[in-house]
2 protein chains.
Amino acid sequence: MPKTAKIPKAAITRLSIYYRQLECLESKGCQMVSSEKLAGLCHVNSAQVRKDLGYFGEFGIRGVGYDVVNLLAQLKNCLALNRNWNIGLVGVGRLGAALLHYQNVSVRGFRCVAAFDNNPALIGKIIPHNLVIRDIKDLCRVVQELNIEIGVITTPPEVAQGVAELFLKAGVNAILNFSPARIRVPDSCLVENIDFTVKLDILTYKISHGIGL
Amino acid sequence: MPKTAKIPKAAITRLSIYYRQLECLESKGCQMVSSEKLAGLCHVNSAQVRKDLGYFGEFGIRGVGYDVVNLLAQLKNCLALNRNWNIGLVGVGRLGAALLHYQNVSVRGFRCVAAFDNNPALIGKIIPHNLVIRDIKDLCRVVQELNIEIGVITTPPEVAQGVAELFLKAGVNAILNFSPARIRVPDSCLVENIDFTVKLDILTYKISHGIGL
DNA sequence: CATTGTGAACTCATTCACAGCG
DNA sequence: CGCTGTGAATGAGTTCACAATG
(Lines give C-alpha, C1' and ligand atoms only; values in the text may rest on other atoms or scores of the structure.)
Protein backbone atom coordinates (compact mmCIF):
# COMPACT_ATOMS: atom_id res chain seq x y z
CA MET A 1 0.00 0.00 0.00
CA PRO A 2 1.76 3.16 -1.19
CA LYS A 3 1.96 5.62 1.67
CA THR A 4 1.19 9.26 1.12
CA ALA A 5 4.35 10.52 2.80
CA LYS A 6 6.58 12.81 0.83
CA ILE A 7 9.13 10.83 -1.05
CA PRO A 8 12.51 12.53 -1.52
CA LYS A 9 13.52 12.69 -5.16
CA ALA A 10 16.86 11.24 -4.21
CA ALA A 11 15.02 8.17 -2.99
CA ILE A 12 13.79 7.47 -6.51
CA THR A 13 17.30 7.66 -7.85
CA ARG A 14 18.40 5.17 -5.24
CA LEU A 15 15.47 2.87 -5.97
CA SER A 16 16.70 2.66 -9.52
CA ILE A 17 20.17 1.80 -8.28
CA TYR A 18 18.82 -0.86 -5.94
CA TYR A 19 16.90 -2.29 -8.83
CA ARG A 20 19.99 -2.69 -10.92
CA GLN A 21 21.98 -4.28 -8.11
CA LEU A 22 19.14 -6.67 -7.47
CA GLU A 23 19.11 -7.70 -11.11
CA CYS A 24 22.76 -8.39 -10.71
CA LEU A 25 22.21 -10.46 -7.56
CA GLU A 26 19.42 -12.38 -9.21
CA SER A 27 21.58 -13.27 -12.18
CA LYS A 28 24.11 -14.67 -9.73
CA GLY A 29 21.46 -16.89 -8.21
CA CYS A 30 21.31 -14.98 -4.94
CA GLN A 31 17.90 -15.51 -3.34
CA MET A 32 17.84 -13.34 -0.23
CA VAL A 33 19.47 -10.03 0.56
CA SER A 34 19.60 -7.92 3.71
CA SER A 35 19.34 -4.15 3.76
CA GLU A 36 22.92 -4.19 5.00
CA LYS A 37 24.18 -6.12 1.99
CA LEU A 38 22.21 -4.14 -0.56
CA ALA A 39 23.35 -0.92 1.08
CA GLY A 40 26.94 -2.03 0.72
CA LEU A 41 26.52 -2.70 -2.99
CA CYS A 42 24.97 0.72 -3.53
CA HIS A 43 27.27 2.63 -1.20
CA VAL A 44 24.55 3.91 1.08
CA ASN A 45 23.45 3.50 4.67
CA SER A 46 21.35 0.43 5.45
CA ALA A 47 18.71 2.50 7.24
CA GLN A 48 18.45 4.48 4.03
CA VAL A 49 17.62 1.35 2.11
CA ARG A 50 14.96 0.33 4.57
CA LYS A 51 13.44 3.79 4.65
CA ASP A 52 13.40 4.11 0.87
CA LEU A 53 11.66 0.79 0.51
CA GLY A 54 9.35 1.75 3.35
CA TYR A 55 7.91 4.57 1.26
CA PHE A 56 6.32 1.97 -0.96
CA GLY A 57 5.42 -0.90 1.27
CA GLU A 58 6.71 -3.66 3.53
CA PHE A 59 8.68 -5.94 1.31
CA GLY A 60 10.96 -7.66 3.80
CA ILE A 61 10.83 -10.45 6.34
CA ARG A 62 12.05 -9.50 9.79
CA GLY A 63 15.02 -11.45 10.94
CA VAL A 64 15.65 -12.65 7.42
CA GLY A 65 15.84 -9.95 4.80
CA TYR A 66 14.33 -9.45 1.37
CA ASP A 67 13.51 -12.04 -1.25
CA VAL A 68 15.44 -10.88 -4.29
CA VAL A 69 12.92 -11.93 -6.90
CA ASN A 70 10.01 -10.51 -4.98
CA LEU A 71 11.75 -7.23 -4.25
CA LEU A 72 12.60 -6.86 -7.93
CA ALA A 73 8.98 -7.33 -8.83
CA GLN A 74 7.92 -4.76 -6.25
CA LEU A 75 10.43 -2.19 -7.42
CA LYS A 76 9.40 -2.79 -11.00
CA ASN A 77 5.98 -1.68 -9.93
CA CYS A 78 7.18 1.31 -7.94
CA LEU A 79 9.26 2.61 -10.82
CA ALA A 80 6.62 1.78 -13.42
CA LEU A 81 8.96 -0.53 -15.27
CA ASN A 82 6.30 -3.18 -15.62
CA ARG A 83 5.25 -1.92 -19.04
CA ASN A 84 6.83 -0.71 -22.25
CA TRP A 85 7.85 2.87 -22.83
CA ASN A 86 8.24 4.23 -26.33
CA ILE A 87 11.07 6.63 -26.87
CA GLY A 88 11.84 9.04 -29.69
CA LEU A 89 15.37 10.36 -30.15
CA VAL A 90 16.35 13.56 -31.94
CA GLY A 91 19.87 14.12 -33.22
CA VAL A 92 21.57 11.11 -34.75
CA GLY A 93 25.14 12.25 -34.31
CA ARG A 94 27.72 10.01 -32.72
CA LEU A 95 26.15 10.18 -29.29
CA GLY A 96 22.65 9.64 -30.60
CA ALA A 97 23.81 6.69 -32.66
CA ALA A 98 25.60 5.22 -29.66
CA LEU A 99 22.42 5.39 -27.61
CA LEU A 100 20.32 3.88 -30.37
CA HIS A 101 22.60 0.88 -30.45
CA TYR A 102 22.71 0.57 -26.73
CA GLN A 103 19.09 1.08 -25.85
CA ASN A 104 17.48 -1.17 -28.32
CA VAL A 105 19.61 -4.09 -27.44
CA SER A 106 18.84 -4.01 -23.86
CA VAL A 107 17.01 -2.70 -21.34
CA ARG A 108 13.82 -3.21 -19.49
CA GLY A 109 10.77 -1.86 -21.22
CA PHE A 110 12.45 1.06 -22.94
CA ARG A 111 12.16 0.88 -26.70
CA CYS A 112 13.53 3.49 -29.00
CA VAL A 113 10.91 3.44 -31.73
CA ALA A 114 11.90 6.48 -33.76
CA ALA A 115 14.96 8.56 -34.57
CA PHE A 116 14.97 12.03 -36.12
CA ASP A 117 17.46 14.40 -37.65
CA ASN A 118 17.44 17.50 -39.81
CA ASN A 119 20.44 16.47 -41.89
CA PRO A 120 19.28 15.44 -45.40
CA ALA A 121 22.29 13.18 -45.70
CA LEU A 122 21.01 11.11 -42.77
CA ILE A 123 17.28 11.14 -43.37
CA GLY A 124 16.13 7.83 -44.76
CA LYS A 125 19.17 5.92 -43.62
CA ILE A 126 18.54 2.65 -41.91
CA ILE A 127 20.09 2.21 -38.51
CA PRO A 128 20.15 -0.82 -36.22
CA HIS A 129 16.99 -2.71 -35.43
CA ASN A 130 15.40 -1.63 -38.72
CA LEU A 131 14.95 1.90 -37.56
CA VAL A 132 14.91 4.53 -40.27
CA ILE A 133 16.11 8.06 -39.59
CA ARG A 134 13.19 10.37 -40.11
CA ASP A 135 12.89 14.01 -40.97
CA ILE A 136 12.52 16.15 -37.88
CA LYS A 137 9.59 17.81 -39.62
CA ASP A 138 7.61 14.63 -39.17
CA LEU A 139 8.17 14.49 -35.44
CA CYS A 140 4.72 15.56 -34.40
CA ARG A 141 2.95 13.07 -36.63
CA VAL A 142 5.23 10.17 -35.75
CA VAL A 143 4.96 10.83 -32.03
CA GLN A 144 1.21 10.37 -32.26
CA GLU A 145 1.37 7.38 -34.56
CA LEU A 146 3.86 5.48 -32.45
CA ASN A 147 2.62 6.64 -29.11
CA ILE A 148 5.92 8.10 -27.98
CA GLU A 149 5.95 9.25 -24.38
CA ILE A 150 9.61 10.05 -23.76
CA GLY A 151 11.79 12.31 -25.89
CA VAL A 152 15.56 12.13 -25.95
CA ILE A 153 17.60 15.11 -27.14
CA THR A 154 21.09 14.41 -28.45
CA THR A 155 21.49 17.45 -30.63
CA PRO A 156 24.01 20.29 -30.38
CA PRO A 157 23.01 22.71 -27.62
CA GLU A 158 22.00 25.50 -30.01
CA VAL A 159 18.98 23.60 -31.21
CA ALA A 160 18.02 21.77 -28.01
CA GLN A 161 15.43 24.36 -27.02
CA GLY A 162 13.75 24.16 -30.41
CA VAL A 163 13.60 20.40 -30.25
CA ALA A 164 12.13 20.53 -26.77
CA GLU A 165 9.39 22.79 -28.08
CA LEU A 166 8.66 20.38 -30.91
CA PHE A 167 8.29 17.60 -28.38
CA LEU A 168 5.96 19.74 -26.31
CA LYS A 169 3.83 20.56 -29.31
CA ALA A 170 3.62 16.89 -30.13
CA GLY A 171 2.39 16.13 -26.62
CA VAL A 172 5.55 14.58 -25.23
CA ASN A 173 6.13 15.88 -21.77
CA ALA A 174 9.02 13.85 -20.50
CA ILE A 175 12.42 14.73 -21.89
CA LEU A 176 15.88 13.32 -21.38
CA ASN A 177 18.28 16.06 -22.38
CA PHE A 178 21.84 15.09 -23.23
CA SER A 179 22.74 18.53 -24.50
CA PRO A 180 24.51 20.85 -22.09
CA ALA A 181 21.92 23.55 -22.78
CA ARG A 182 19.35 24.14 -20.06
CA ILE A 183 15.99 23.88 -21.74
CA ARG A 184 12.98 25.89 -20.69
CA VAL A 185 9.66 24.09 -20.50
CA PRO A 186 6.38 24.51 -18.64
CA ASP A 187 6.02 22.82 -15.26
CA SER A 188 3.83 20.18 -16.80
CA CYS A 189 6.82 18.83 -18.69
CA LEU A 190 9.44 16.70 -16.97
CA VAL A 191 13.09 17.15 -17.85
CA GLU A 192 16.12 15.17 -16.77
CA ASN A 193 19.51 16.48 -17.80
CA ILE A 194 22.58 14.38 -18.43
CA ASP A 195 25.52 16.71 -18.52
CA PHE A 196 28.92 15.16 -18.22
CA THR A 197 30.76 18.46 -18.34
CA VAL A 198 29.17 19.27 -15.00
CA LYS A 199 30.48 15.98 -13.64
CA LEU A 200 33.95 16.80 -14.91
CA ASP A 201 33.81 20.18 -13.21
CA ILE A 202 32.83 18.48 -9.96
CA LEU A 203 35.84 16.22 -10.23
CA THR A 204 38.27 19.06 -10.88
CA TYR A 205 36.78 21.03 -8.04
CA LYS A 206 37.19 18.16 -5.64
CA ILE A 207 40.65 17.22 -6.80
CA SER A 208 41.97 20.70 -6.37
CA HIS A 209 40.28 21.19 -3.02
CA GLY A 210 41.74 17.99 -1.71
CA ILE A 211 38.39 16.25 -1.23
CA GLY A 212 38.85 12.50 -1.02
CA LEU A 213 42.39 13.10 0.25
CA MET B 1 38.93 35.00 0.31
CA PRO B 2 37.55 31.46 0.31
CA LYS B 3 35.49 30.95 3.43
CA THR B 4 35.78 27.83 5.49
CA ALA B 5 32.04 27.26 5.68
CA LYS B 6 30.74 23.92 4.56
CA ILE B 7 29.85 24.04 0.92
CA PRO B 8 26.92 21.86 -0.14
CA LYS B 9 27.88 19.48 -2.90
CA ALA B 10 24.87 20.61 -4.86
CA ALA B 11 26.35 24.10 -4.85
CA ILE B 12 29.29 22.89 -6.91
CA THR B 13 26.96 21.40 -9.47
CA ARG B 14 25.16 24.70 -9.72
CA LEU B 15 28.40 26.64 -9.99
CA SER B 16 29.19 24.61 -13.05
CA ILE B 17 25.79 25.42 -14.49
CA TYR B 18 26.21 29.13 -13.75
CA TYR B 19 29.53 28.98 -15.49
CA ARG B 20 28.03 27.62 -18.65
CA GLN B 21 25.22 30.14 -18.71
CA LEU B 22 27.72 32.93 -18.18
CA GLU B 23 29.76 31.72 -21.14
CA CYS B 24 26.57 31.88 -23.11
CA LEU B 25 25.82 35.42 -21.92
CA GLU B 26 29.35 36.52 -22.67
CA SER B 27 29.17 35.22 -26.20
CA LYS B 28 26.03 37.30 -26.67
CA GLY B 29 27.90 40.40 -25.57
CA CYS B 30 26.05 40.72 -22.29
CA GLN B 31 28.21 42.62 -19.82
CA MET B 32 26.35 42.63 -16.53
CA VAL B 33 23.99 40.10 -14.98
CA SER B 34 21.93 40.14 -11.79
CA SER B 35 21.46 37.16 -9.50
CA GLU B 36 17.82 37.29 -10.53
CA LYS B 37 18.60 36.95 -14.22
CA LEU B 38 21.21 34.24 -13.78
CA ALA B 39 18.85 32.36 -11.48
CA GLY B 40 16.19 32.46 -14.17
CA LEU B 41 18.52 30.98 -16.75
CA CYS B 42 19.50 28.17 -14.41
CA HIS B 43 16.05 27.54 -12.96
CA VAL B 44 16.98 28.25 -9.38
CA ASN B 45 16.16 30.79 -6.69
CA SER B 46 18.10 34.05 -6.84
CA ALA B 47 19.06 33.82 -3.17
CA GLN B 48 20.56 30.48 -4.04
CA VAL B 49 22.78 32.05 -6.64
CA ARG B 50 23.99 34.72 -4.24
CA LYS B 51 24.61 32.22 -1.48
CA ASP B 52 26.50 29.84 -3.76
CA LEU B 53 28.74 32.63 -4.97
CA GLY B 54 29.09 33.84 -1.41
CA TYR B 55 30.86 30.62 -0.45
CA PHE B 56 33.78 31.73 -2.57
CA GLY B 57 33.91 35.49 -2.28
CA GLU B 58 32.19 38.75 -3.01
CA PHE B 59 32.05 39.03 -6.75
CA GLY B 60 29.18 41.44 -7.25
CA ILE B 61 28.51 45.15 -7.10
CA ARG B 62 25.60 46.11 -4.90
CA GLY B 63 22.85 47.89 -6.69
CA VAL B 64 24.25 46.75 -10.03
CA GLY B 65 24.91 43.04 -10.34
CA TYR B 66 27.83 40.94 -11.53
CA ASP B 67 30.29 41.72 -14.28
CA VAL B 68 29.97 38.73 -16.60
CA VAL B 69 33.61 38.54 -17.62
CA ASN B 70 34.85 38.96 -14.10
CA LEU B 71 32.45 36.42 -12.67
CA LEU B 72 33.51 33.91 -15.29
CA ALA B 73 37.12 34.40 -14.32
CA GLN B 74 36.27 33.95 -10.65
CA LEU B 75 34.28 30.78 -11.23
CA LYS B 76 37.06 29.44 -13.40
CA ASN B 77 39.22 29.70 -10.33
CA CYS B 78 36.68 28.20 -7.96
CA LEU B 79 36.16 25.18 -10.17
CA ALA B 80 39.86 24.85 -11.00
CA LEU B 81 39.19 25.30 -14.69
CA ASN B 82 42.08 27.71 -15.05
CA ARG B 83 44.47 24.96 -16.05
CA ASN B 84 44.56 21.92 -18.29
CA TRP B 85 43.36 18.52 -17.19
CA ASN B 86 44.58 15.40 -18.93
CA ILE B 87 42.03 12.66 -19.37
CA GLY B 88 42.41 9.01 -20.29
CA LEU B 89 39.44 7.09 -21.66
CA VAL B 90 38.98 3.33 -21.56
CA GLY B 91 36.55 1.58 -23.88
CA VAL B 92 36.41 2.88 -27.44
CA GLY B 93 32.97 1.59 -28.32
CA ARG B 94 30.40 3.87 -29.84
CA LEU B 95 29.94 5.89 -26.69
CA GLY B 96 33.66 6.20 -26.08
CA ALA B 97 34.23 7.26 -29.65
CA ALA B 98 31.46 9.83 -29.42
CA LEU B 99 33.06 11.36 -26.33
CA LEU B 100 36.50 11.41 -27.92
CA HIS B 101 35.15 13.42 -30.80
CA TYR B 102 33.23 15.71 -28.59
CA GLN B 103 35.74 16.38 -25.88
CA ASN B 104 38.76 17.13 -27.93
CA VAL B 105 37.02 19.63 -30.06
CA SER B 106 35.80 21.65 -27.26
CA VAL B 107 35.86 22.33 -23.97
CA ARG B 108 37.70 24.33 -21.42
CA GLY B 109 40.92 22.78 -20.24
CA PHE B 110 39.85 19.15 -20.61
CA ARG B 111 42.05 17.25 -23.01
CA CYS B 112 41.60 13.62 -23.78
CA VAL B 113 45.20 12.59 -24.28
CA ALA B 114 44.85 8.83 -24.42
CA ALA B 115 42.33 6.17 -25.37
CA PHE B 116 42.52 2.49 -24.46
CA ASP B 117 40.78 -0.70 -25.42
CA ASN B 118 41.36 -4.43 -25.12
CA ASN B 119 40.08 -5.26 -28.59
CA PRO B 120 43.02 -6.16 -30.86
CA ALA B 121 41.01 -4.98 -33.86
CA LEU B 122 40.96 -1.48 -32.43
CA ILE B 123 44.41 -1.19 -30.91
CA GLY B 124 46.68 0.91 -33.09
CA LYS B 125 43.84 2.61 -34.93
CA ILE B 126 44.09 6.33 -35.29
CA ILE B 127 41.12 8.31 -34.09
CA PRO B 128 40.44 12.02 -34.31
CA HIS B 129 43.03 14.51 -33.22
CA ASN B 130 45.85 12.11 -33.96
CA LEU B 131 45.03 9.93 -31.02
CA VAL B 132 45.98 6.31 -31.32
CA ILE B 133 44.01 3.61 -29.53
CA ARG B 134 46.34 1.92 -27.09
CA ASP B 135 46.40 -1.47 -25.48
CA ILE B 136 44.75 -1.43 -22.07
CA LYS B 137 47.84 -3.23 -20.81
CA ASP B 138 49.84 -0.06 -21.29
CA LEU B 139 47.50 2.01 -19.18
CA CYS B 140 49.70 2.30 -16.15
CA ARG B 141 52.76 3.39 -18.10
CA VAL B 142 50.88 5.86 -20.29
CA VAL B 143 49.10 7.42 -17.33
CA GLN B 144 52.45 8.30 -15.83
CA GLU B 145 54.00 9.43 -19.10
CA LEU B 146 51.16 11.72 -20.03
CA ASN B 147 50.31 12.86 -16.54
CA ILE B 148 46.70 11.72 -16.68
CA GLU B 149 44.64 12.81 -13.68
CA ILE B 150 41.12 11.86 -14.70
CA GLY B 151 39.97 8.48 -15.95
CA VAL B 152 36.84 7.95 -18.01
CA ILE B 153 35.21 4.53 -18.18
CA THR B 154 33.05 3.77 -21.21
CA THR B 155 33.29 0.01 -21.16
CA PRO B 156 30.57 -2.57 -20.69
CA PRO B 157 29.59 -2.85 -17.02
CA GLU B 158 31.17 -6.27 -16.53
CA VAL B 159 34.67 -4.88 -16.84
CA ALA B 160 34.16 -1.46 -15.26
CA GLN B 161 35.40 -2.57 -11.85
CA GLY B 162 38.56 -4.01 -13.33
CA VAL B 163 39.26 -0.84 -15.25
CA ALA B 164 38.72 1.25 -12.14
CA GLU B 165 41.29 -0.86 -10.35
CA LEU B 166 43.76 -0.35 -13.18
CA PHE B 167 43.28 3.39 -12.88
CA LEU B 168 43.82 3.18 -9.14
CA LYS B 169 47.00 1.19 -9.57
CA ALA B 170 48.21 3.78 -12.03
CA GLY B 171 47.61 6.53 -9.52
CA VAL B 172 44.49 8.04 -11.08
CA ASN B 173 42.03 8.82 -8.38
CA ALA B 174 39.30 10.68 -10.14
CA ILE B 175 36.98 8.62 -12.30
CA LEU B 176 34.06 9.48 -14.51
CA ASN B 177 32.07 6.28 -14.86
CA PHE B 178 29.65 5.99 -17.78
CA SER B 179 28.95 2.33 -17.16
CA PRO B 180 25.83 1.48 -15.18
CA ALA B 181 27.90 -0.65 -12.80
CA ARG B 182 28.58 0.82 -9.38
CA ILE B 183 32.32 0.66 -8.92
CA ARG B 184 33.99 0.13 -5.59
CA VAL B 185 37.01 2.25 -4.78
CA PRO B 186 38.75 3.52 -1.64
CA ASP B 187 37.62 6.82 -0.19
CA SER B 188 40.71 8.49 -1.53
CA CYS B 189 39.37 8.03 -5.07
CA LEU B 190 36.65 10.28 -6.45
CA VAL B 191 33.95 8.81 -8.64
CA GLU B 192 31.19 10.50 -10.57
CA ASN B 193 28.62 8.29 -12.24
CA ILE B 194 26.72 9.12 -15.38
CA ASP B 195 23.89 6.67 -15.65
CA PHE B 196 21.14 7.51 -18.06
CA THR B 197 19.08 4.44 -17.22
CA VAL B 198 18.59 5.92 -13.76
CA LYS B 199 17.35 9.13 -15.36
CA LEU B 200 14.92 7.16 -17.50
CA ASP B 201 13.61 5.39 -14.42
CA ILE B 202 13.07 8.74 -12.75
CA LEU B 203 11.04 9.90 -15.71
CA THR B 204 8.86 6.82 -15.77
CA TYR B 205 8.33 7.05 -12.05
CA LYS B 206 7.26 10.66 -12.29
CA ILE B 207 5.09 10.17 -15.34
CA SER B 208 3.16 7.36 -13.78
CA HIS B 209 2.79 9.11 -10.45
CA GLY B 210 1.43 12.19 -12.12
CA ILE B 211 4.30 14.45 -11.11
CA GLY B 212 4.44 17.52 -13.32
CA LEU B 213 0.68 17.26 -13.80
C1' DC C 1 17.60 -13.59 17.61
C1' DA C 2 18.76 -11.33 13.34
C1' DT C 3 16.76 -8.11 10.67
C1' DT C 4 12.95 -5.19 9.38
C1' DG C 5 10.18 -0.92 9.87
C1' DT C 6 9.87 3.64 11.79
C1' DG C 7 9.42 7.77 15.06
C1' DA C 8 12.58 10.95 16.75
C1' DA C 9 17.06 13.33 16.53
C1' DC C 10 20.07 15.23 13.81
C1' DT C 11 22.44 17.10 9.83
C1' DC C 12 22.37 19.36 5.66
C1' DA C 13 20.28 22.61 2.16
C1' DT C 14 17.25 26.18 0.64
C1' DT C 15 14.67 30.29 1.18
C1' DC C 16 13.44 34.42 3.55
C1' DA C 17 14.06 38.95 4.75
C1' DC C 18 16.61 42.74 5.49
C1' DA C 19 20.88 45.27 6.61
C1' DG C 20 24.76 47.04 3.96
C1' DC C 21 26.47 49.39 0.24
C1' DG C 22 27.71 51.15 -4.48
C1' DC D 1 17.36 53.28 -5.17
C1' DG D 2 18.43 48.50 -6.45
C1' DC D 3 20.90 44.64 -5.86
C1' DT D 4 24.26 42.13 -3.22
C1' DG D 5 25.62 39.52 0.86
C1' DT D 6 24.23 37.00 4.85
C1' DG D 7 22.23 35.65 9.54
C1' DA D 8 18.13 33.60 10.87
C1' DA D 9 14.11 30.70 9.83
C1' DT D 10 12.39 27.09 7.53
C1' DG D 11 12.33 22.86 5.18
C1' DA D 12 14.13 18.47 3.46
C1' DG D 13 16.77 14.32 3.87
C1' DT D 14 19.56 11.12 6.44
C1' DT D 15 20.90 8.52 10.31
C1' DC D 16 20.06 6.74 14.83
C1' DA D 17 18.17 3.66 17.88
C1' DC D 18 14.96 0.58 19.20
C1' DA D 19 10.41 -1.63 19.35
C1' DA D 20 8.08 -5.03 16.52
C1' DT D 21 8.18 -9.58 14.60
C1' DG D 22 8.73 -13.65 11.54
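First the proteins, then the strands, lettered A, B, ... as listed; each starts at 1. The figures here come from the full heavy-atom set of this structure, side chains too, leaving out hydrogens, waters and symmetry mates.
When rounded to the nearest whole Å, the span between NZ of B/Lys37 and C1' of D/dG2 equals 16 Å. Summarising the geometry, the separation between CD on B/Gln74 and C1' on D/dT4 is reported as 15 Å, rounded to the nearest angstrom. The CD atom of B/Gln48 sits 16 Å away from the P atom of D/dG7 (whole-angstrom rounding).
Checking the phosphate oxygens (OP1, OP2) of D/dT14, a side-chain nitrogen or oxygen of A/Arg14 falls inside 4.0 Å. Note on B/Ser35: a side-chain N or O is less than 4.0 Å away from OP1 or OP2 of D/dT4. Distances shorter than 4.0 Å separate none of the side-chain N or O atoms of A/Arg62 from OP1 or OP2 on C/dC1. Between A/Tyr66 and C/dG5, a side-chain N or O to OP1/OP2 separation shorter than 4.0 Å is present.
Nearest-nucleotide assignment on DNA chain D puts the 5′-proximal partner with B/Leu53, out of B/Leu53 and A/Val44.
For A/Ala10, the listed nucleotide lying nearest its side chain is D/dT14; candidates were D/dT14, D/dC3, D/dT6. The side chain of B/Glu58 lies closest to D/dT6, out of D/dT6, D/dC16, C/dA13. Closest to the side chain of B/Lys9, out of C/dT4, C/dG7, C/dA13, is C/dA13. Residue B/Ser34 places its side chain closer to D/dC3 than to any other of D/dG5, D/dC3, C/dC16. Checking C/dA17, D/dC16, C/dG7 against every side-chain atom of A/Asn45, the shortest atom distance belongs to D/dC16. Listed nucleotides: D/dT14, C/dT14, D/dG22. Nearest to the side chain of A/Ile61: D/dG22.
Remark: of the listed residues B/Val163, B/Ile183, B/Ile194, B/Ile183 is the sole one forming a side-chain contact (heavy atoms from CB on, under 4.5 Å) with B/Asn177. When A/Asp195, A/Thr154, A/Thr155 are each tested for a side-chain contact (heavy atoms from CB on, under 4.5 Å) with A/Phe178, only one passes: A/Thr154. Paired with B/Leu15 under the rule side-chain contact (heavy atoms from CB on, under 4.5 Å), one option of B/Val49, B/Leu79, B/Ile7 passes, and it is B/Leu79.
A/Asn147 and A/Asn86 share no side-chain donor-acceptor pair at under 3.5 Å.
Residues satisfying the side chain to side chain contact (heavy atoms under 4.5 Å, CB included) test with B/Ser27, not counting sequence neighbours, are none.
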